[in-house]
Asks: 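Shown below is the structure under consideration.
Not measured: the values here are computed from a predicted model.
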Amino acid sequence: MLAFIARRLVQSVIVMLVVAFIAFLVFRYVGDPLAALLSQDAKQADYDAARERLGLDQPFYVQFYYFVINALQGQFGISYRLQQPVSQLILERLPATIELAFASATIALVFGVLLGIYTALRPRAFSTGVIMTGSLVGVSLPTFLIGIGLIYVFAVELKWLPSFGRGEVVQIGWWRTGLLTQSGLRSLVLPAITLSLFQLTLIMRLVRAEMLEVLRTDYIRFARARGLSQRAINFGHALRNTMVPVITITGLQLGSVIAFAIITETVFQWPGVGSLFVNSVAAVDVPVMAAYLVFVALVFVVINLIVDILYFIVDPRLRDGARTGK
Amino acid sequence: MTEPVLSIKDLVVEFPFRDDVFRAVNGVSFDIMPGEVVGVVGESGAGKSMTGSAVIGLIERPGHIAGGEIRLKGERIDNLPEEAKAKLRGKRIGMVFQDPLTSLNPLYTVGEQLVETIRTHLPLNEAQARQKAIDLLTEAGIPKAAERIDSYPHQFSGGMRQRVVIALAIAAEPELIIADEPTSALDVSVQAQIIKVLKKLCSSHGAAVMLITHDMGVIAQTADRMVVMHHGKVVETGTVGDIIRRPREAYTIKLIQSIPTILRQEHAATPAEAANDDGAYVQVKNLVRDFEIGKGSFTKLLPGKTEIFRAVNDVSFSISKGETFGLVGESGSGKSTCAKMIVGLLRPTSGQIIVDGHDIWAGGKGHQERRKRVQMIFQDPYASLNPRWRVADIIAEPMRTLGIARNRSEVDDRVAELLRRVRLDPSVMRKFPHEFSGGQRQRIAIARALSSQPEFIVCDEPTSALDVSVQAQVLDLMSELQSEFGLTYLLISHNLAVVRQMSNAVGVLHNGVLVEKGPTDAIFDNPQADYTRMLLDAVPDISKVA
Amino acid sequence: METSRWKTFLKSDIVWSYRHSPVTIVASIVALLLILMAVFAPLLAPYNPFNPATLNLMDGFTPPNSSSFSGKYFALGTDSQGRDMLSTIMYGSRVSLFVGFMATLFAMVMGVGLGLVSGYVGGVVDAIIMRVADVQLSFPAILIALLIFGVARGIIPPNQQEGAAVWVLIVAIGLANWAQFARTVRGATMVERQKDYVSAARLLGVNPIIILLRHVLPNVLGPVLVIGTISLALAIIEEATLSYLGVGVPPTQPSLGTLIRIGQQFMFSGEWWIILFPAITLILLALSVNLLGDWLRDALNPKLR
Amino acid sequence: ETIRWARSSDALTLDPHSQNQGNTHTLAHHIYETLIGRDNDGSLTPRLATEWALKDGDPTVWVFKLREGVKFHNGNDFTAEDVVYSIERAKSEFSNMKQLHAEVQSVTAVDDHTVEFQMTGPALIYPNNLTNTFIMDKTWSDEHDLAVVQDFASGASNYSVLNTNGTGPYTLVSREVDVKTTLTYNEGWWGEKPPVTDIEYLTIADAQTRISALLSGEIDIVQDVPPQDIERLSNTAGFKVEIGPENRFIYFGYKFGDEPLKSSNITDSNPFNNPLVREAMELALDRDAIQQVVMRGQSIPTGIPNPPFVRGWTEELDAYPAPDVEKAKALMAEAGYPDGFSVTLDTPNNRYVNDEAISTAYVGMLGQIGINVTLASRPVAEHSPIILANESDFYLLGWGVPTFDSAYVFNDLIHTKTELHGTYNVGLYSNPELDEKIIALGTMDDMDARDATVAEIWDVVKADRVLLPIHNQVLAYAMREGVTLPVQPENQPNMTTVTFE
Ligand SMILES: Nc1ncnc2c1ncn2[C@@H]1O[C@H](COP(=O)(O)OP(=O)(O)OP(=O)(O)O)[C@@H](O)[C@H]1O
Ligand SMILES: Nc1ncnc2c1ncn2[C@@H]1O[C@H](COP(=O)(O)OP(=O)(O)OP(=O)(O)O)[C@@H](O)[C@H]1O
Ligand SMILES: [Mg+2]
Ligand SMILES: [Mg+2]
């Protein structure tokens with residue numbers, strides 16, 4: 001197990017290096033940071049000087065080299081736009097994103113799994129048809145439109161919930177949480193729903209499909225033949241077996257929750273790393289963009305690792321490395 | 001007269017399809033008395049399993065019972081509501097499904113599944129239930145049950161799993177046990193143990209057993225009475241001895257005749273000449289194959305030690321031209337691995353294979369020669385035919401690839417000719433594989449193998465996917481072709497009867513080692529190795545009917 | 001011959017399950033109508049909104065079902081540039097569908113190709129391709145598209161960028177979605193590779209590329225088609241999202257997504273029709289394609305019947 | 001009272017000399033102060049300086065009298081030393097303000113409350129350049145090593161990026177960059193106590209979210225209101241919109257010179273270089289339609305690239321011809337392009353109000369006279385490099401005039417492109433005669449003569465159609481009923497000017 005984790009860590013470092021490398025390769029083309037950095041009346045000489053000082057006149061691999069060297073020491077440089085250390089910026093913004101991602105992942109998982117089970121157990125019911133089709137409407141719309149629509153209905157018209165931001169936050173160590181205040185929780189509702197819709201649909205459909213498959217397996221039939229109760233069969237046997245594939249996909253999807261958060265955070269002015277990234281793209285704030293991408297890669301790598309470990313826990317066949325005859 | 005445990009009258013099971021209705025079971029009636037084992041036989045698709053499912057009330061949708069009645073100890077059960085039916089299951093009717101490998105939930109330990117079942121039916125606490133579970137496992141023949149109870153299903157062998165399934169089925173001491181092909185997935189040695197367990201249970205608990213199988217040998221050894229089914233109907237019932245010795249219906253007669261026996265038969269192949277290994281057409285010399293295990297694809301990039309498993313260990317034999325060499329052995333003994341190396345699909349770790357004087361793994365010429373001369377017939381005829389290709393294309397592929405025939409009409413002519421050879425109408429050329437029956441598919445596979453005009457054909461379990469009557473047709477065809485073209489066969493099978501009928505010489509593989517080889521009769525009548533003897537003793541055979 | 005084939009087709013499972021699923025029938029009709037509307041936009045549309053010279057700016061913001069400043073009639077009203085909404089939606093669906101189809105095709109060809117090789121060859125090649133897929137998956141689709149857009153802007157000379165924009169979008173969305181196909185095909189290929197019909201072909205020394213293309217490919221195409229329909233809907237939405245972030249097709253030739261982005265600005269100012277009609281069209285399109293995908297998935301899965 | 005105030009992007013830094021950028025200055029004006037302020041009508045007002053004048057007999061020296069009794073937030077006294085320190089800091093290498101003080105040779109403290117600026121030559125309009133240069137406390141700055149202005153390239157932040165010590169009406173309470181900054185009234189401020197005592201300054205990037213926040217009552221004042229929402233907001237009970245002209249014009253520019261255009265189908269000449277074509281293009285431009293439809297009435301069409309606040313603006317210059325497509329077509333034919341030509345228009349899509357929509361509309365108008373335009377729309381970060389490298393044939397840009405003086409426009413947009421001038425002369429217009437006059441403006445010592453030269457230059461610029469101005473932007477601040485924030489022409493509103501009902 002330890003060897004496995006060690007191996008995965010090596011892999012992770014490679015993945016992150018590649019991500020950083022590609023990021024650097026690409027950044028040269030997303031625009032000129034100086035356009036945002038220098039004032040309207042800066043002269044050509046100022047541009048040249050600034051370019052040289054930022055090292056932007058160097059070939060990208062040299063820039064990449066320095067980036068890696070500094071990143072290894074936890075240094076991601078100074079944000080061009082906000083003039084603060086990038087690592088500090090990201091750490092400051094991280095709690096917001098994590099709380100949002102966590103909240104929407106919870107919504108997606110709980111409702112996704114429940115609805116998935118429901119629709120699988122009643123494959124021919126009318127309500128199932130409604131849920132299945134309705135869930136598609138949710139993913140047929142771009143996230144930004146759903147967000148704006150929710151704001152319009154719940155904040156502007158009904159005035160039930162706040163339209164933007166995190167509300168009041170409480171500082172616990174370096175972690176700034178919105179989960180402990182009422183306004184913080186209220187602010188979380190709309191963005192969390194917006195962000196979870198897509199994942200919810202996906203998880204629901206996945207659970208349903210897997211559950212339908214599992215319900216047809218011999219061991220479920222045999223469990224019936226053994227005289228077990230419906231409850232024990234549906235929740236004890238079918239659900240647990242459904243979870244194995246669901247965990248993998250869900251894990252990956254959780255990663256994309258963070259990615260999708262870019263849009264949601266922008267629409268709801270959620271002060272997380274996603275909106276930081278979008279604003280940085282607009283200003284070609286290369287240090288922030290690079291650090292963000294490496295961070296996202298890290299998140300994926302960690303999630304993948306957790307997923308694999310969960311796999312081991314859930315599925316005994318993998319635990320002792322036995323080869324299955326499947 | 002005692003009341004039958006199970007009484008089925010005019011049972012009809014229907015599957016509504018599109019526009020018409022398919023009757024899987026069409027008016028079946030029979031009874032089972034307490035303590036009695038009734039065997040249900042019939043070819044694949046005859047409706048045996050469906051009858052069993054109907055009794056326990058687990059017919060898959062959209063199938064349903066459309067007529068007749070089922071009584072358990074006189075009480076009608078087919079029209080009970082679902083909850084009431086659920087109460088019967090496990091408690092009064094135990095069921096063993098066809099495939100032991102998939103009947104157990106892989107995520108729970110054997111013990112958990114047993115305890116769960118026991119506590120559902122009996123008022124026991126956790127500890128008592130566990131004790132009961134251990135007792136049941138011991139009874140079902142699992143050695144050291146107390147130690148093994150916390151293992152997961154995948155940690156058990158197939159035979160052990162089958163025994164666990166039986167333990168589960170009898171946990172609540174049901175009055176009726178339905179065993180659906182409890183042994184078909186197992187090799188002979190394990191099969192014998194399972195049959196023993198079932199019989200013992202029947203006598204000690206006084207339960208009635210409905211034993212579904214297509215293996216007449218098993219019936220002959222286990223059952224008191226038998227029911228023969230054909231196309232959803234019962235064609236004959238009676239005591240086992242009566243039916244085997246005096247079958248009345250044409251279908252039963254055909255069924256019994258097509259069962260190969262392990263005993264020597266008049267029309268069996270002639271024994272091999274004293275083998276002169278060096279001059280033989282096919283020579284297999286000191287074949288070894290190792291597999292690396294326990295490594296994923298990524299880890300292969302990293303240095304580290306690998307575990308090695310030797311699947312084939314120093315196997316040598318030879319086959320003279322025009323003869324058949326049978327290779328037998330239990331599952332996992334390395335038969336298929338040998339076959340793959342011989343046809344060139346798997347590179348041997350060491351050793352040589354020489355066909356007609358060419359080393360087929362030497363590359364260059366040997367390679368080229370091999371493609372033309374060596375062909376293979378695979379275990380599962382359906383899997384060996386590309387489901388998206390038409391029969392004509394499948395059969396023509398070897399000709400096209402090897403350049404035997406190129407222009408269209410020539411290819412078509414040859415395909416038609418080959419189809420005729422395997423007794424199929426050339427008009428089937430435009431069909432797809434799924435439009436054929438199992439036996440026809442195997443014929444197509446044989447036609448494909450003949451297409452490159454080979455001299456040597458390796459047959460890896462050519463009939464194990466087929467039921468007995470079809471198996472007989474295919475074996476006959478193979479013999480005919482052999483005499484017609486002078487083909488040489490390597491016949492791999494775990495069915496000893498088939499091997500006995502077909503081959504001139506036999507080799508016995510055990511854990512990758514060739515423990516014994518020699519002329520067929522010598523091996524079968526006078527086995528030398530312990531393993532061979534064990535294998536032969538375990539074979540059930542209808543001729544053993546008292 | 002042909003008619004009998006047609007007859008067997010009509011009797012096949014797919015057709016049967018199609019005929020017995022009213023939702024699918026409705027979905028396919030809607031999808032077909034939308035596609036026809038898009039394909040024949042130049043013939044059907046009352047105006048050509050992609051020709052700026054024909055526009056009159058003063059016609060802007062004409063409400064639905066009314067006549068404009070210059071006296072023209074607009075059934076669905078006009079947008080902020082005086083473009084007829086109905087025609088713009090028709091032409092916009094054309095752009096969206098084109099981008100969606102091509103991007104999906106691109107992702108499909110790339111993903112299926114790599115998946116086949118990965119699953120068939122295995123070993124180091126497989127490890128590398130799957131690691132690349134991992135890297136790709138750690139860049140969310142939108143990010144990849146943003147980055148590719150940036151690169152394309154840098155590489156393509158400015159005066160060709162507009163023409164290239166659609167292709168850049170296609171590549172960007174395609175690249176963001178190939179891994180899904182690759183993973184699925186790899187899995188299926190690994191299963192097919194074990195099957196005896198592949199062994200039979202290998203035995204004859206058939207070229208591995210031919211084995212992959214002629215033997216394996218047709219047998220793994222089922223799941224590919226299913227993912228295909230779903231990613232088509234996803235690609236259309238992704239295109240809309242990119243357009244929301246300010247990278248996308250040129251504003252003079254708006255796609256459905258661009259229309260929604262533009263219309264979004266007028267949500268609070270009373271010109272509801274500018275967002276409503278394109279949004280409805282997008283929902284209908286995505287929904288019907290998704291429903292078709294759903295049906296196809298179930299119809300092709302014998303276990304779910 | 002507390003005011004909650006939102007705009008689309010945050011101040012970039014709190015270091016007062018690091019960025020010459022509107023949002024940054026706006027926040028700084030609440031914490032720091034400048035020597036001279038700017039009224040909402042554009043005129044100069046005393047702030048930390050109570051009087052200023054050219055030294056008698058020496059037009060190259062400006063003398064400033066400083067306000068007495070002013071204290072920094074930390075209690076230090078404000079003296080001439082602080083002014084000298086601050087101006088020198090603003091002139092230093094990494095300062096983005098240094099261009100504004102390029103003509104300052106030296107600054108000396110005459111006494112505690114008098115400072116003299118020695119200029120390199122006569123600099124009549126120099127006080128205009130001081131309205132965004134903030135005064136820092138020398139002692140405090142030395143304590144925290146602030147002599148060097150925050151340098152984004154250095155890899156290190158400085159203390160003043162997040163900490164402040166000004167003389168202004170508010171002190172910094174907390175700051176979460178890009179999210180929220182809170183300020184509270186500085187009891188020791190020299191001015192009259194404003195009604196607003198606490199400020200919550202929020203960044204909300206998305207326009208619809210910003211307006212939603214106002215409508216749902218979470219915000220009191222919103223800047224950067226999209227034009228299309230103005231009408232609806234002013235008609236909604238409980239809300240109102242303050243509107244006023246901004247000191248910024250939007251224009252199209254095109255390439256001059258004989259070199260053929262890169263993006264055109266005409267490969268042997270440059271159609272834009274033909275005055276007839278430029279005239280045709282102006283006649284095709286329907287400024288009123290753009291104002292009415294694209295800008296929803298929220299702009300002031302203009303015929304001169306110069307906002308009305310700026311010295312040198314006149315009504316005649318501001319006049320523009322009525323659109324006339326027929327005449328334009330005739331001119332095109334006369335110019336030798338009866339079938340028109342094709343060209344690419346580069347436009348930003350996130351910089352000015354409705355920038356992309358304006359360009360889209362003009363594409364249609366040009367289409368009517370046969371000019372077939374391809375629109376290349378980009379975020380400003382990608383648009384700018386193309387503009388600065390003179391790679392665009394035809395482009396949209398906006399220009400603010402922070403000095404409120406025409407020379408600022410001439411220097412960067414009209415003068416031939418050189419090291420120091422014409423940085424944004426993207427079309428490479430070159431008129432040596434004008435260049436001479438522009439340079440001369442910098443050192444003139446007679447205001448009337450200077451105004452006359454400015455007028456001469458404008459006449460040529462207008463006649464040559466060096467640029468094709470569209471309109472001056474209009475600023476709109478939306479707020480809830482009961483609060484009034486007047487519009488500031490540089491879009492740098494000050495919360496001290498807020499009144500409550
Ligand atoms: N789910 C189903 N839907 C439709 N037809 C079915 C289904 N299950 C079984 N059948 C059909 O019912 C008939 C009887 O099937 P059954 O499983 O009882 O056969 P069997 O005698 O057990 O054969 P085998 O020896 O192969 O197990 C077969 O023709 C089969 O094709
Ligand atoms: N690719 C492989 N990697 C590792 N082990 C393998 C591989 N192929 C086969 N083996 C192992 O080699 C042994 C022999 O396998 P083989 O398929 O030859 O058995 P068999 O005699 O044909 O059995 P069966 O009757 O079940 O077909 C088995 O233990 C199997 O697990
Ligand atoms: Mg069966
Ligand atoms: Mg085998």
Asks: Tell me the residues of residues 23-30 of chain C whose non-hydrogen atoms fall below 4.5 Å from those of chain B, in number order.
Replies: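 None at all.
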Asks: Under the side-chain contact (heavy atoms from CB on, under 4.5 Å) rule, collect the residues that match up with B:P426, sequence neighbours excluded.
Replies: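 Applying side-chain contact (heavy atoms from CB on, under 4.5 Å) to B:P426 gives B:A416, B:R420.
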Asks: Could you have a look at B:R400, B:M376, B:E397 and say which one has the most heavy-atom pairs with chain C under 4.5 angstrom?
Replies: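 Going by pairs under 4.5 Å, I would pick B:E397.
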Asks: So which pairs with a foot in residues 194-236 of chain C pass ring-ring contact (aromatic ring centres under 6.0 Å, His included), sequence neighbours left out?
Replies: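 The answer is B:W389-C:H215.
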Asks: Nearest 0.5 Å, what's the CG-OG1 distance between C:N207 and B:T401?
Replies: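 Those atoms lie 10.0 Å apart.
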Asks: With rounding to the nearest 0.5 Å, note down the distance linking CZ in B:R448 to CG in C:L203.
Replies: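 Spacing of CZ (B:R448) from CG (C:L203) equals 9.0 Å.
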Asks: So do B:Q375 and C:L204 actually touch side chain to side chain, heavy atoms under 4.5 Å?
Replies: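 Yes, their side chains come closer than 4.5 Å.
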Asks: Answer yes or no: are there more than 12 heavy-atom neighbours, outside C:Q180 itself, under 6.0 Å from its atom CD?
Replies: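 No.
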Asks: Relative to chain C, which segment of B:L345 carries a heavy atom at a distance below 4.5 Å: side chain, backbone, both, or neither?
Replies: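 The answer is both parts of B:L345.
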Asks: Name the option with the most non-hydrogen atom pairs under 4.5 Å to chain C; the candidates are B:S452, B:P398, B:G344, B:A449.
Replies: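 It is B:P398.
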Asks: Shortest non-hydrogen contact from B:N386 to C:R214?
Replies: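 Of all heavy-atom pairs spanning B:N386 and C:R214, the closest is ND2-O, 4.0 Å.
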Asks: Please determine whether the number of non-hydrogen atoms from other residues, nucleotides or ligands lying under 6.0 Å from atom CG of C:L32 exceeds 12.
Replies: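 Enclosed.
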Asks: Show the atom names and distances, to 0.1 Å, of all donor-acceptor pairs under 3.5 Å that link a side chain in residues 97-117 of chain C to residues at least two apart or in another chain.
Replies:
unit_1, atom_1, unit_2, atom_2, d
C:T104, OG1, C:G100, O, 2.7

